[in-house]
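Below: the structure, in C-alpha cells.
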Protein chains: 2
Amino acid sequence: MADTATPPQKMETPAIYDDLHRKLVTAQFDHGEKLKSEDLRKLYGCSANTIREVLFRLSTAGLVAFEEQRGFRARRTSRERQHDLTQFRILLEQEGACLSMKHGDIEWEARLSAAHHKLSHIESEVRRSGSVEHVLPLWSNAEWEFHDTLISACRSPLLRETYKTIYDQFRQQLVSRASNYGYYAENIEEHRAILEAALARDTVLCRQHIHDHLARNMIS
Amino acid sequence: MADTATPPQKMETPAIYDDLHRKLVTAQFDHGEKLKSEDLRKLYGCSANTIREVLFRLSTAGLVAFEEQRGFRARRTSRERQHDLTQFRILLEQEGACLSMKHGDIEWEARLSAAHHKLSHIESEVRRSGSVEHVLPLWSNAEWEFHDTLISACRSPLLRETYKTIYDQFRQQLVSRASNYGYYAENIEEHRAILEAALARDTVLCRQHIHDHLARNMIS
DNA sequence: TTTACTTGTAATTTCAAAATTTATGGCATT
DNA sequence: AATGCCATAAATTTTGAAATTACAAGTAAA
C-alpha cells in the first residue's frame with residue numbers, strides 16, 4: 001500500500017477522485033498492485049460503493065484496470081503497451097501541433113513561448129544542479145503545460161482530451177526514471193527545437209522534432 | 001422512452017450493458033434524452049446502483065453524458081462535435097490503415113477481401129432495391145467489419161480501441177440517415193477504392209480515399 | 001408582468017449489510 | 001513431492017433504503 005501521508009478522513013467524491021488520480025500518476029502504487037475497496041474505504045472514510053464509483057471513473061482514464069469479479073488494480077504497463085502508448089502519443093501530438101500551427105494566432109504563440117520559458121528555466125536548473133528529484137513535480141507540471149499548449153489551438157476537443165489520458169499514463173514512469181539524470185539532460189534542446197519549429201510554422205520539421213523527442217522516451 | 005421490445009426482466013450486468021449499448025448505437029433514445037435510473041431499474045429488474053455502474057461504463061465509451069448531481073443523458077452530438085469526431089476518425093483510420101499495409105500479411109489481405117465481399121454484396125442489394133431500411137442492421141455490421149479489418153493489422157491495440165469508441169458514436173446517426181438513400185448509393189465505389197489501394201499497399205492513395213469517404217459522412 | 005422565495009416532489013447519491021463469487025490453506029490421494 | 005478436493009476466509013457485487021440534492025409549481029412582493 002502506498003504511503004497515506006495526505007488524507008486522514010472524510011472526503012467528497014471529487015476530492016477522492018483527485019487524490020487517487022494524483023497518487024496513481026505519481027506512482028504511489030506499484031504496477032499491478034491491487035486496490036482493495038475496503039482499504040480505500042477506511043482511508044477516505046466513505047462507503048465501498050463510492051470507492052467503486054471512483055475506481056470506475058479512473059479506469060476510464062486508463063490508470064486503473066478493472067476485471068469482473070476480481071476488482072481493480074493499478075495498471076501494469078508492459079513493454080508492449082509502453083511502445084503502443086508512445087506511438088499513439090506521437091501521432092496525436094504531431095497532428096495536434098500541425099493543426100495548432102494552422103489555426104493558432106499570436107495569442108497561441110505567446111502562450112507557447114511562456115510555457116516553454118517556464119519549462120526551460122526548470123530544465124536549466126536541473127542541468128546546473130545535476131539532480132532531478134527536488135524539482136520533479138514542478139518539472140512534470142511544466143512539461144505537461146508545454147505539450148498541452150502546443151496542441152491547444154488544434155480546435156479538436158476530442159484530440160486534446162485523448163492526448164491527456166495518454167499523457168497521464170506517462171507521468172507514472174517519471175518517478176521511476178528520476179534517478180536517470182541523462183534522460184532529463186537532453187530535454188532542453190529537444191523542447192527548444194519543437195518550440196522554434198512551431199513558431200516558424202514548419203510542420204515537417206515540427207513533426208520530426210516531436211517524433212525524436214517522444215521516441216527517445218520509450219527507449220529508457 | 002425507447003421501445004422495450006427486447007428485455008422484459010432479470011438480466012445480468014454484462015447483458016444490461018450490451019442491451020443499453022445496442023439501444024444507444026441504434027438511436028433508440030433521443031439525443032439528450034434523460035436516462036433515469038429508476039425507469040431502467042424497473043426495465044431490467046435490478047437495483048439502481050447496478051444501472052448506475054452500467055451507465056458509468058457507457059460514459060467511458062462516449063455514448064452517455066454524465067453530470068454530477070443531475071444524472072445521465074444520451075449524448076447529444078452537436079454539429080461541432082460531429083465535425084470533430086469525423087476529423088479524428090479520419091486521422092485514426094488513415095494511420096491504422098497505413099500501419100496495416102506495413103505490417104499486414106497475406107492473411108490480413110484475405111480477411112479484408114472477405115469483409116469487402118460481404119459489404120459490397122449488401123450494398124449492391126441496396127442499390128438494386130433502392131431502399132436501405134430492410135438491411136440497415138446488416139449493413140451497419142458489415143461496414144464496421146470492413147473498417148475494423150482495414151486497421152486490424154496495425155499492431156496498436158490502443159489505436160484500434162480508440163477507433164471503436166469513435167465508430168460507435170457514428171452508428172447513432174445511421175438510423176436518422178436511413179431515409180437518405182443517396183448517402184448509401186455512393187458507398188460501393190468508395191469502399192472498393194479503399195480496398196484496392198490497401199491491397200496495392202499504396203499508402204498515399206489509401207489515405208486519400210479514406211479521407212474522401214469519411215469526410216462525405218460529415219456533410220449530410 | 002416580472003422576480004424572488006417557498007414548498008412539495010422526484011431523482012440522484014450515499015450508506016451499511018446481505019448475497020455471491022473468488023482466493024486460500026489444510027488434508028487426503030496418487 | 002505433486003495434485004485434487006473441501007472447508008474456510010476474504011473480497012467483490014448487489015441490494016434496499018436513507019439522506020442529499022435538483023426541479024417545478026405556486027405564492028407573494030415589487
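Order of the sequence lines sets the chain letters (A, B, ...), proteins ahead of strands, with each chain counted from 1.
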Choosing from [options], which nucleotide comes nearest the side chain of [X]?
X     : options                : result
A:N49 : D:dA11, C:dT12, C:dC15 : C:dC15
B:R70 : D:dG16, D:dA22, D:dT12 : D:dA22
A:S47 : C:dT12, C:dA16, D:dG16 : C:dA16

Please report, rounded to the nearest Å, how far the [atom2] atom of [N] is from the [atom1] atom of [X].
X     : N      : atom1 : atom2 : value
B:E53 : C:dT13 : CD    : C1'   : 15 Å
A:F56 : C:dT13 : CZ    : P     : 16 Å
A:I51 : D:dA11 : CD1   : P     : 15 Å
B:E33 : C:dA11 : CD    : P     : 13 Å
B:E67 : D:dC23 : CD    : P     : 9 Å
A:F66 : D:dA11 : CZ    : P     : 17 Å
A:R52 : C:dC15 : CZ    : C1'   : 15 Å
B:E38 : D:dA17 : CD    : P     : 12 Å

Worked verdict on B:Y163 versus B:E93 for side-chain hydrogen bond (donor to acceptor under 3.5 Å, both in side chains): CA-CA 7 Å; B:Y163 184 83; B:E93 185 161 328; 2.3 Å; yes
Near-ring test B:F72/B:F66, centroid separation under 6.0 angstrom: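 Between B:F72 and B:F66, which both carry aromatic rings, the centre distance is below 6.0 Å.
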B:H191 and B:H213 aromatic centres sub-6.0 Å: yes
A:K34 side-chain N/O to D:dA11 phosphate OP1/OP2 under 4.0 Å: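 The answer is no; no side-chain N or O of A:K34 sits under 4.0 Å from OP1 or OP2.
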side-chain N/O B:T13 vs D:dT14 OP1/OP2, d < 4.0 Å: yes
Residue met sooner reading DNA chain C from 5', once A:T50 and A:Q69 are mapped to nucleotides: A:T50
Main-chain N/O of B:G32 paired with B:R73 side-chain donor or acceptor, under 3.5 Å: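 Judged by distance alone, yes, a pair lies under 3.5 Å.
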Donor-acceptor contact present, side-chain A:S113 to main-chain A:A110, <3.5 Å: no
